[in-house]
Structure formats: C-alpha cells, structure tokens
Amino acid sequence: MIDLKRLEKEFDTVSAALRRRGVEEKTLTRLKELFEEKKEVQRRLEAAQAEQNAKSRLFGQYKREGKDISELQKEVAENKARIAALNEELKALEERLWELAATIPNLPDPDVPDGEDEADNVELARILEPPAFDFRPKEHWELAENNGWIDFERGVKIAKSRFSALRREGARLERALINYMLDFNRDRGFEEVYVPFLANAESLFGTGQLPKFADDLFKIEGEELYLIPTAEVPVTNLYRDEILKREELPLKLTAYTPCFRKEAGSAGRDTRGMIRQHQFDKVELVAITTPEESDRIFDEMVACASDLLTSLGLAHRKVLLCAGDMGFSAAKTIDLEVWLPGQGCYREISSVSNTRDFQARRAKIRYKEEKKNRLVHTLNGSSLAVGRTLIAIMENYQRADGSIEVPEALRPYL
C-alpha cells in the first residue's frame with residue numbers, strides 16, 4: 001500500500017509516478033478531493049476543540065464570580081456533540097481514503113522505464129545461445145502427445161479447460177524439477193519452508209491480491225479462504241502483524257506450492273498446451289529485509305533464478321519491465337524469459353520483484369531498530385515456474401525422432 005502521508009505531502013510528485021503506472025486521472029482527482037475534505041474537517045475539528053478548551057476553563061472563573069453557568073454548560077454540551085460528529089466525519093473520510101488507496105498500485109522505482117505493456121520492456125542481457133536443430137523443432141504439445149507425457153483431454157474431463165494431467169516421464173520430470181529447484185535455492189542460502197495452499201482474506205490483502213484482483217482467485221464456498229495464486233502469499237504472510245528483530249534480517253525463504261488462478265482476461269491466449277493453466281507448480285523465492293539491503297537481495301534473487309536456468313542448459317534473457325507492465329505490488333521487476341524453439345520466441349519463466357515497503361505496510365511487517373519500528377522491504381520471485389521449465393526442457397532437448405533428452409543436472413533426481 002502506498003504511503004498516504006507521503007501522498008498527501010507530495011501529491012503532485014507521487015501522482016506523476018502513479019500516472020506512469022496507468023492510474024486513471026479520475027482516481028487521482030478523487031484522492032485529492034478526499035485529502036482536501038479531510039483537511040477541512042480537521043481544521044473545523046481543531047477549532048471546535050480549541051473552543052471547548054477555552055469554554056471549559058471558564059467554569060472556574062464563573063464560579064469564582066458567582067455567575068450562572070447554565071448557558072455555558074449548554075454551549076459546552078453542544079460543542080461536545082459537534083466534536084463527536086466531526087470525529088465521525090473524519091473517521092469516515094480516512095476509511096474512504098484507505099479503501100481507495102488499497103486499490104492503487106505501488107510507485108515505480110526511478111530506473112523503471114516508462115511504457116504501457118510488454119512491447120515497452122527493456123532487454124538487459126541474453127544468457128546462453130539457443131540450440132540449433134537440423135530439423136523443424138516441435139512445440140511442446142506435439143512432443144507431449146507423441147511421448148505420452150501430458151494428457152490434455154483427460155485433464156479437461158476431470159476439471160475444465162486449462163487443466164492437464166502429467167503422465168509417465170512427464171510426471172517424474174515435474175517432481176524431479178521441484179526437488180532440484182528447492183535444492184538449488186537452498187544451496188544459495190534460502191531456507192526451505194512448506195506452507196498451506198489456502199490463504200485467508202487478510203493474507204491476500206497483505207500481498208496485494210485483494211481487494212482488486214478477487215476475480216482471478218478461486219474462493220472456497222462458505223469460507224473466507226482462497227486457493228493461493230502463488231507461494232508469495234503464504235510465505236510473505238508468515239510474518240504478517242509481526243515486529244522482527246534487526247538481527248533476524250534478511251529472511252530468505254523458498255517454497256514449492258501448486259498455484260491456482262482463474263486467468264481472468266486471458267481468453268483466447270495460449271489456449272493450446274501448458275503455458276497458461278488454472279493449476280500449475282512453482283518454486284518461489286521470498287525475502288524480507290531492511291531497506292538498505294533490498295537492492296542487493298533483489299540482484300541475488302535474479303542471479304539465483306538465472307543461474308538455475310543456466311544449470312539446466314536453457315538459453316534465456318533478462319528483461320526489465322516497464323512501469324505499465326509490472327504487477328500491482330511491484331516497484332521494480334526483472335523477468336527471465338526462456339527460449340522455446342518450437343514457438344521460436346522467448347517466454348516468461350520467472351518474474352522477480354522488489355515491492356519495497358508496499359506489502360509490508362499492508363501486512364504490517366516491521367522490524368525494530370534503535371527502539372523504533374520500521375517497515376521491512378519484501379521481495380519475491382519464481383525460481384522457477386515448474387511447468388514452463390518442463391516445457392522448455394521438452395522443446396530444447398528434443399531429438400529428431402521426437403524423443404527427449406534429460407538434462408544432465410536432473411539425472412540424479414530420476
């Protein structure tokens with residue numbers, strides 16, 4: 001959540017940054033109106049309180065002078081009621097401000113490029129050369145059907161479209177990838193955790209999915225519980241409403257979970273294959289740290305995910321997302337996109353974000369330093385999306401006869 005005090009104090013500067021995120025002018029106008037209304041109510045409240053204090057001091061004087069205090073009592077009582085009404089009005093305005101602020105995205109870092117969508121993202125680097133084939137490389141769904149690794153039809157029969165079932169070596173390789181990723185991340189200093197796959201509304205508010213993105217979540221009927229869209233939600237919320245010790249930081253965590261998303265707004269996109277599913281496996285990195293260390297931790301997380309791809313021999317590139325293409329909570333995001341020879345293009349396989357104190361303010365995650373409570377910085381990123389890694393291996397390690405070689409790093413896991 002953005003800092004409302006900063007927004008009020010530096011409204012023009014913060015508004016300019018929010019315009020880069022695509023926040024509509026009518027929303028900014030409404031925010032300004034609410035701040036002005038709040039300021040006016042505060043002025044009237046302070047005047048009424050000053051009047052109350054002045055009149056309350058008159059009681060002693062009236063008594064000493066033998067004056068009738070009945071009229072003064074009446075005025076004080078009326079003013080007291082006015083103060084109570086102004087306090088209620090101020091509280092209602094603050095709640096409306098808070099509710100509106102809860103739907104506003106994070107401010108972009110200064111080095112985040114301007115832009116509206118993925119076309120405006122900036123490529124930073126390419127790692128490894130894509131493989132060369134002396135035959136036409138197939139896409140993963142062709143390979144899956146030929147090898148019996150993915151059963152799309154029965155996945156749809158069990159649930160609905162955008163569900164699939166892994167079989168044979170496909171299922172084994174998925175499990176091997178999860179274990180390999182967790183081991184790789186743990187070797188990089190991330191503590192492995194295992195968390196619930198359901199989260200309550202407070203947790204989803206803390207990481208920014210609620211209230212704005214409720215339509216993309218699977219809600220449990222009759223419960224204030226949701227299937228998690230990413231392990232970022234439960235792992236970050238391990239520390240919701242807590243004050244940590246400075247010496248505990250940074251906390252570096254990794255977790256495997258299935259993820260569940262309705263993919264609202266994705267109709268017609270990636271309808272074939274396993275690129276965009278309602279249920280998919282992911283291994284996540286989460287870090288909770290001090291503001292002074294968050295840039296270093298961010299670079300460390302990007303390097304971890306990139307090195308993991310390199311260890312699997314998968315060509316990829318690093319892309320700095322523009323302001324309009326970042327996720328709601330992110331201040332800065334670097335995507336890793338893996339080369340898919342069947343599609344002849346790079347596709348996102350990891351997204352690493354620094355949210356600064358945006359999530360910490362919503363989730364009330366703080367740490368104590370010099371007897372003061374400060375907001376932590378939270379970071380998250382995929383290391384990696386398991387299903388897309390499986391797809392990348394199938395396409396990059398395919399042979400002319402349609403069989404698929406297993407990367408050397410994964411052989412011990414099989």
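None of these values were measured; they are calculated from a predicted model.
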Are [X] and [Y] packed together at the side-chain level, in the sense that at least one heavy-atom pair is separated by less than 4.5 angstrom?
| X | Y | value |
| --- | --- | --- |
| N146 | K138 | yes |
| Y239 | V376 | no |
| V76 | Q52 | yes |
| C259 | Q279 | no |
| F11 | K32 | yes |
| P250 | T290 | no |
| M274 | L166 | yes |
| L217 | L210 | yes |

TODO: Please collect all salt bridge (charged side-chain N to carboxylate O under 4.0 Å, His left out) contacts where either partner lies in residues 394-414, sequence neighbours excluded, each pair once.
DONE: E405-R411
Open item on the list: Using the side chain to side chain donor-acceptor pair (under 3.5 Å) criterion, which residues pair with Y413? Sequence neighbours excluded.
Closed with: D183
TODO: Taking side chain to side chain donor-acceptor pair (under 3.5 Å) as the test, write out the residues that go with R154, two or more places apart.
DONE: D151
Check whether more than 12 heavy atoms from other residues, nucleotides or ligands sit under 6.0 Å from atom [atom1] of [X], and answer yes or no.
| X | atom1 | answer |
| --- | --- | --- |
| E95 | CD | yes |
| R168 | CZ | no |
| K219 | NZ | yes |
| E247 | CD | yes |
| E75 | CD | yes |
| K9 | NZ | no |
| R175 | CZ | no |
| E153 | CD | no |

- [ ] Take L320 and N121 through the test side-chain contact (heavy atoms from CB on, under 4.5 Å) and record every step on the way to the result.
- [x] CA-CA 6 Å; L320 176 62; N121 295 339; over 6 Å; no
Task: Derivation of the ring-ring contact (aromatic ring centres under 6.0 Å, His included) call for F197 and F260 - done: CA-CA 9 Å; F197 301 162; F260 305 88; 7.6 Å; no
Task: Trace of the salt bridge (charged side-chain N to carboxylate O under 4.0 Å, His left out) decision for K91 with E94 - done: CA-CA 5 Å; K91 183 181 176 183; E94 288 173 341; over 6 Å; no
What distance separates [X] [atom1] from [Y] [atom2], expressed to the nearest 0.5 Å?
| X | Y | atom1 | atom2 | value |
| --- | --- | --- | --- | --- |
| I297 | T289 | CD1 | OG1 | 5.0 Å |
| Q398 | E142 | CD | CD | 8.5 Å |
| N380 | T230 | CG | OG1 | 6.5 Å |
| L314 | L336 | CG | CG | 11.5 Å |
| H278 | D216 | NE2 | CG | 9.5 Å |
| L34 | L97 | CG | CG | 4.5 Å |

Contacts of [X] that satisfy ring pair (Phe, Tyr, Trp, His ring centres under 6.0 Å) - sequence neighbours left out:
| X | answer |
| --- | --- |
| F280 | none |
| Y346 | W339 |
| F190 | none |

Could you pull out all residues at least two apart from [X] that satisfy side chain to side chain contact (heavy atoms under 4.5 Å, CB included)?
| X | value |
| --- | --- |
| D357 | R361, L375, H377 |
| A330 | M326, T333, S353 |
| D187 | none |
| E10 | R6, T13, V14 |

TODO: Using a strict cut-off of less than 4.0 Å between a Lys/Arg side-chain nitrogen and an Asp/Glu carboxylate oxygen, indicate whether K5 and E8 qualify as a salt bridge.
DONE: no
Task: Intermediate values then yes/no, salt bridge (charged side-chain N to carboxylate O under 4.0 Å, His left out), R296 and E293 - done: CA-CA 5 Å; R296 178 182 65 79; E293 288 189 296; 3.0 Å; yes
Are side-chain N/O atoms of [X] and [Y] paired as donor and acceptor at under 3.5 Å?
| X | Y | value |
| --- | --- | --- |
| S164 | Q277 | yes |
| R82 | N79 | yes |
| S203 | N200 | yes |
| T378 | Q359 | yes |

Task: Aromatic plane relationship, F135 with F133 - under 30° parallel, 30 to 60° tilted, over 60° perpendicular - done: perpendicular
Open item on the list: For L384 versus A305, what's the shortest heavy-atom pair and its separation?
Closed with: CD2-O, 3.9 Å
Open item on the list: If you compare all heavy atoms of S294 against all heavy atoms of L379, which two are closest, and at what distance to 0.1 Å?
Closed with: O-CD2, 3.5 Å
Extract all donor-acceptor atom pairs below 3.5 Å that involve side chains of residues 103-114 and protein atoms in other chains or at least two apart in sequence.
{"residue": "T103", "atom": "OG1", "partner": "L100", "partner atom": "O", "Å": "2.7"}
{"residue": "N106", "atom": "ND2", "partner": "S329", "partner atom": "O", "Å": "3.0"}
{"residue": "N106", "atom": "ND2", "partner": "T355", "partner atom": "O", "Å": "3.0"}
{"residue": "D109", "atom": "OD1", "partner": "R356", "partner atom": "NE", "Å": "3.3"}
{"residue": "D109", "atom": "OD2", "partner": "R356", "partner atom": "NE", "Å": "3.4"}
{"residue": "D109", "atom": "OD2", "partner": "R356", "partner atom": "NH2", "Å": "2.6"}
{"residue": "D111", "atom": "OD2", "partner": "K332", "partner atom": "NZ", "Å": "2.8"}
{"residue": "D114", "atom": "OD1", "partner": "R20", "partner atom": "NE", "Å": "2.5"}
{"residue": "D114", "atom": "OD1", "partner": "R20", "partner atom": "NH2", "Å": "3.2"}

Open item on the list: Using the rule given for salt bridge (charged side-chain N to carboxylate O under 4.0 Å, His left out), can you reason through E242 versus K364, listing the C-alpha separation, both sets of side-chain angles and the distance that settles it, and then say yes or no?
Closed with: CA-CA 7 Å; E242 291 191 23; K364 298 178 183 175; over 6 Å; no
Please tabulate, one pair per line, all N/O donor-acceptor pairs under 3.5 Å involving side-chain atoms of residues 35-42, not counting sequence neighbours.
{"residue": "E37", "atom": "OE2", "partner": "R30", "partner atom": "NH1", "Å": "3.3"}
{"residue": "E40", "atom": "OE1", "partner": "R43", "partner atom": "NE", "Å": "3.2"}
{"residue": "E40", "atom": "OE2", "partner": "R43", "partner atom": "NH2", "Å": "2.7"}

Open item on the list: Determine whether E370 and R246 satisfy the following criterion, salt bridge (charged side-chain N to carboxylate O under 4.0 Å, His left out), listing intermediate values before the conclusion.
Closed with: CA-CA 9 Å; E370 296 178 354; R246 173 64 182 83; over 6 Å; no
